[in-house]
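Structure record follows, encoded as structure tokens.
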Amino acid sequence: MSQESDIRRLVNEAHPPRAADLAELHSLQKTRKERDTTDKAASLSATLKSSSREAGPRVVVREPKHLYLPQSPRSRAAAEAEQTDLIKEMFHEMGDIGLKPVVVYHNLSVPELYEHALKYEPSTHIVGQGALATLSGAKTGRSPKDKRVVKEPGSEADIWWGAGSPNYEMDERTFILNRERAVDYLNTLDRLYVFDGYAGWDTQARFKIRVVCARPYHALFMHNMLIRPTEDELHNFGHPDFTIYNGGAFPANRYTSYMTSSTSIDVSLKHKEMVILGTQYAGEMKKGVFSLMNYVLPKMGILSLHSGCNEGKDGDVTLFFGLSGTGKTTLSADPHRPLIGDDEHGWSDRGVFNIEGGCYAKAIGLKEENEPDIFHAIKFGCILENVVFDEETRTVDYDANRITENTRASYPIEHIENAKIPCVGGHPKNIIMLCCDAFGVLPPVAKLTKEQAMYYFISGYTAKVAGTEQGVTEPEATFSACFGSAFLMWHPTKYASMLAEKVEKHGTNVWLINTGWTGGPYGVGYRFKLRHTRAIVDAIHSGELSSAGYENMPIFNLQVPKAVPNVPSEVLLPSNCWADKENYTKTLSHLAELFVKNFKQFEDGGGHVTPEEAHRILEAGPRV
Ligand SMILES: Nc1ncnc2c1ncn2[C@@H]1O[C@H](COP(=O)(O)OP(=O)(O)O)[C@@H](O)[C@H]1O
Ligand SMILES: C=C(OP(=O)(O)O)C(=O)O
Ligand SMILES: [Ca+2]
Ligand SMILES: [Mn+2]
């Protein structure tokens with residue numbers, strides 16, 4: 001026997017071949033649990049029904065199994081050829097859309113979503129740290145002017161409409177027109193992705209959300225941002241409480257009534273549906289769910305808040321209120337305080353709970369040494385939206401803003417080392433209202449009375465930072481009621497009256513922290529150093545700030561601490577930081593006038609606070 005056959009025999013004896021050919025070897029690689037798809041196909045088809053077609057499309061859940069795992073050892077090429085033929089047959093050009101089957105990928109795993117995104121989306125890449133980097137297209141921030149809420153008898157009287165409100169009305173027929181447009185668009189695609197998840201960690205206030213989207217990245221985004229069901233919960237998920245149809249790559253018809261552009265983000269509380277057309281910015285889905293929760297939770301007596309939240313070792317909970325970009329995610333990520341959530345919470349009679357299952361951090365200027373928790377959360381499963389990276393090393397350049405200032409990282413909350421799961425906590429001991437002052441005249445920290453707390457909550461003074469909303473290219477002073485007016489569904493005084501009652505009942509301390517500018521306005525002064533802001537937050541948590549000495553800041557009548565550990569005392573009183581004291585006082589008075597002017601719209605109490613209470617709150621504001 002030749003030497004070679006000797007060697008082959010020896011090798012075979014030592015390592016007997018496990019497969020007759022490559023195709024069979026590949027088929028050994030993947031196992032698949034028997035998945036119960038029958039009821040899901042019916043439920044998914046119902047989700048994809050359109051209002052002018054009774055029967056939803058025939059839904060094939062995942063690829064036909066026999067194509068996925070060749071039963072008999074055949075060449076892989078033959079299996080793929082057959083798959084292509086079958087897919088072609090399923091989508092033959094002449095098919096009437098109502099009969100056309102839809103391949104729905106339902107609740108894919110993270111690796112599968114990675115594979116689909118990389119396979120079907122040219123703009124998606126794996127980058128350093130293992131995250132999935134992708135582009136959201138023309139829109140890289142929210143489009144608040146294109147938000148529409150359907151005026152419906154069941155909710156019309158509750159909703160905040162009119163001047164100052166973020167809720168632009170739409171009638172039901174127009175909602176259905178846009179819904180039909182989005183669903184028909186989705187039905188023309190070869191592949192759809194559906195993710196089922198929950199909003200609300202409080203099991204007594206938990207809502208089933210279904211997201212139907214065209215892009216794997218959108219499915220992965222909502223996998224990260226919603227609460228992920230267990231296998232059992234998925235098995236029994238049933239029909240969702242609320243459905244989001246994301247047809248964002250397809251424009252709205254600008255000639256449709258109520259449209260102001262080719263983008264439209266529409267919410268119908270009666271249909272329990274949200275429709276997205278003309279924008280692929282993933283944050284619209286997350287904020288659509290938040291708007292829904294901002295309606296249903298207060299209706300249940302639960303206060304919903306645009307806020308970050310963490311908990312100390314003694315169970316002391318802190319809420320960080322703030323408009324986009326003011327520091328909720330940055331400051332709630334604290335290695336000494338388990339994270340409950342970074343953006344959206346409910347406060348019930350039982351305590352606080354996170355509405356979401358993940359975090360959506362601003363990534364611009366991200367540095368490992370400044371924000372280690374967020375930096376380390378960027379790993380496999382995290383989405384990096386609109387970041388720039390080196391083509392070869394795939395190292396992300398977090399300082400690059402050539403696509404947008406509003407680069408984002410979306411990750412499941414478990415990516416934060418000391419996340420508290422389940423994301424619930426007791427009643428807050430401290431509330432920190434984050435204002436990003438673009439005028440540079442407010443102090444880095446002030447302790448608020450209860451009336452002042454209501455005044456600053458209703459006023460929501462801060463700066464819209466560049467990028468979070470379309471068209472905002474640099475920080476601009478703004479008044480955003482409840483530090484998140486874009487997402488409110490009730491009048492701001494509804495949330496303020498609930499907050500007042502809870503702060504009173506639980507003896508919560510309320511602080512105002514300026515994470516914006518000092519020493520001059522934006523462009524002249526400088527932003528408070530993050531390490532100083534963190535030191536202030538630490539002093540609040542240690543109790544040192546509660547026992548500090550205070551001095552009164554004129555015009556705004558704010559109580560400002562005289563000293564804070566690890567913070568230079570000269571930065572505590574803004575007048576010390578301005579070279580031109582006269583200009584400081586002029587600017588401070590100008591801001592006071594803006595506050596007084598803005599508050600006029602709330603003087604009648606908005607239907608949820610008595611005019612007398614509104615007057616008492618008004619007294620807590622600045623004097624002009
Ligand atoms: N003094 C400061 N306090 C908080 N954040 C700051 C400060 N200075 C700069 N920043 C930056 O501001 C941004 C705040 O973003 P983020 O925490 O995501 O805001 P939000 O969660 O409220 O939208 C981060 O990029 C952070 O690095
Ligand atoms: C995406 C958003 O969250 P954040 O408050 O972190 O900006 C937003 O508010 O638009
Ligand atoms: Ca945030
Ligand atoms: Mn937010």
Side-chain angles (χ1 to χ4, degrees), residues 154-155 158 195-211 222-244 267 269-270 272-274 286-311 315-319 321 332 338-359 412-414 419-429 431 482 484 487-490 494-506 508 608:
S155 58
D158 299 335
F195 178 74
D196 294 332
Y198 296 116
W201 279 91
D202 177 338
T203 49
Q204 296 179 43
R206 184 170 85 163
F207 295 83
K208 298 187 289 185
I209 311 290
R210 171 165 287 169
V211 185
M222 290 306 271
H223 164 278
N224 290 354
M225 302 312 294
L226 290 174
I227 299 163
R228 291 156 291 285
T230 61
E231 279 286 335
D232 280 352
E233 285 169 336
L234 272 185
H235 180 78
N236 303 307
F237 197 78
H239 211 63
D241 297 316
F242 193 78
T243 304
I244 297 175
V267 175
L269 295 164
K270 174 187 164 192
K272 298 182 175 30
E273 293 176 337
M274 175 183 185
K286 156 196 162 68
K287 290 305 184 182
V289 171
F290 189 38
S291 291
L292 167 76
M293 298 299 270
N294 277 331
Y295 178 72
V296 296
L297 292 182
K299 218 168 167 66
M300 297 163 71
I302 297 173
L303 174 56
S304 50
L305 297 159
H306 191 205
S307 60
C309 181
N310 62 22
E311 179 184 80
D316 57 302
V317 165
T318 293
L319 283 172
F321 294 3
S332 57
L339 179 71
I340 291 176
D342 85 316
D343 195 59
E344 302 171 5
H345 290 83
W347 185 359
S348 73
D349 294 339
R350 296 173 291 285
V352 298
F353 61 90
N354 187 353
I355 288 171
E356 300 181 291
C359 302
I413 193 159
E414 300 89 308
K420 186 185 181 206
I421 311 287
C423 303
V424 298
H427 298 287
K429 179 177 176 187
I431 286 174
C482 309
F487 322 117
L488 302 184
M489 295 291 268
W490 299 81
K494 168 83 171 174
Y495 305 90
S497 63
M498 293 174 79
L499 179 66
E501 182 255 330
K502 289 177 181 297
V503 162
E504 180 74 28
K505 184 173 173 185
H506 300 290
T508 308
H608 301 287

Apply the test side chain to side chain contact (heavy atoms under 4.5 Å, CB included) to residues Thr508 and Leu319: give CA-CA distance (whole Å), side-chain angles for both, the deciding distance (0.1 Å), then the verdict. CA-CA 10 Å; Thr508 308; Leu319 283 172; over 6 Å; no

dist Met225:CE -> Ile209:CD1 (nearest 0.5 Å) comes out at 13.0 Å

From Ser307 atom OG to Trp347 atom CH2, the distance as rounded to the nearest 0.5 Å: 10.0 Å

Apply the side chain to side chain contact (heavy atoms under 4.5 Å, CB included) test between Phe242 and each candidate in Met274, Met293, Glu273; give the one that qualifies. Met274

Can you confirm whether Leu499 sits close enough to Ile431 that some side-chain heavy atom of one is under 4.5 Å from a side-chain heavy atom of the other? yes

Smallest heavy-atom separation, Trp201 atom then Glu356 atom, equals NE1-O, 2.7 Å

Of all heavy-atom pairs between Gly341 and Asn354, which one has the smallest distance, and what is that distance? CA-ND2, 3.3 Å

Could you tell me whether the side chain of Leu297 reaches within less than 4.5 Å of the side chain of Ile355, counting heavy atoms only? yes

Got a donor-acceptor contact below 3.5 angstrom from the Lys494 side chain to the Met498 backbone? no

Closest approach of Cys309 to Leu339 (non-hydrogen atoms, all atoms of both residues): O-CD1, 3.5 Å

Contact check, side chains of Met222 and Val289, non-hydrogen atoms, under 4.5 Å: yes

For the side chain of Trp490 and the backbone of Tyr295, is there at least one donor-acceptor N/O pair under 3.5 Å apart? yes

Which value, rounded to the nearest 0.5 Å, describes the distance between Phe195 atom CZ and Leu234 atom CG? 7.5 Å

So do Asp196 and Pro240 actually touch side chain to side chain, heavy atoms under 4.5 Å? no

To the nearest 0.5 Å, how far apart are CD1 in Ile413 and CG in Asn224? 11.5 Å

Name the orientation class of the two ring planes belonging to His427 and His506 (parallel below 30°, tilted from 30 to 60°, perpendicular beyond 60°). parallel

Is the side chain of Lys420 donor-acceptor paired with the backbone N or O of Asn310 at a distance under 3.5 Å, no angle test? no

Would you indicate whether the side-chain heavy atoms of Lys502 and Leu303 approach each other to under 4.5 Å? yes

For Asp342 versus Gly358, what's the shortest heavy-atom pair and its separation? OD1-O, 3.6 Å

Look at the side chain of Arg228 and the backbone N and O of His223, then say whether any donor-acceptor pair between them is shorter than 3.5 Å. yes

Describe, in one word, how the ring planes of His306 and Phe290 are oriented to each other, choosing from parallel (under 30°), tilted (30 to 60°) and perpendicular (over 60°). tilted

Charged N to carboxylate O under 4.0 angstrom, Lys287 versus Glu344? yes

Closest approach of Lys286 to Asp343 (non-hydrogen atoms, all atoms of both residues): NZ-OD2, 2.7 Å

Grab the two heavy atoms, one from Ile340 and one from Cys423, that are nearest each other, plus how far apart they are. O-CB, 3.2 Å

Could you measure the distance from the CZ atom of Arg210 to the CG atom of Leu226? Nearest 0.5 Å is fine. 12.5 Å

What is the ring orientation for Phe237 with Tyr198, classed by angle as parallel under 30°, tilted 30 to 60°, or perpendicular over 60°? tilted

Would you say Asn294's side chain and Met489's backbone share a donor-acceptor pair under 3.5 angstrom? no

Quick check: are there more than 12 heavy atoms from other residues, nucleotides or ligands sitting under 6.0 Å from NZ of Lys429? no

Minimum side-chain heavy-atom gap Leu292-Val267 below 4.5 Å: no

Flag side-chain contact, heavy atom, 4.5 Å: Ile302 against Arg350: yes

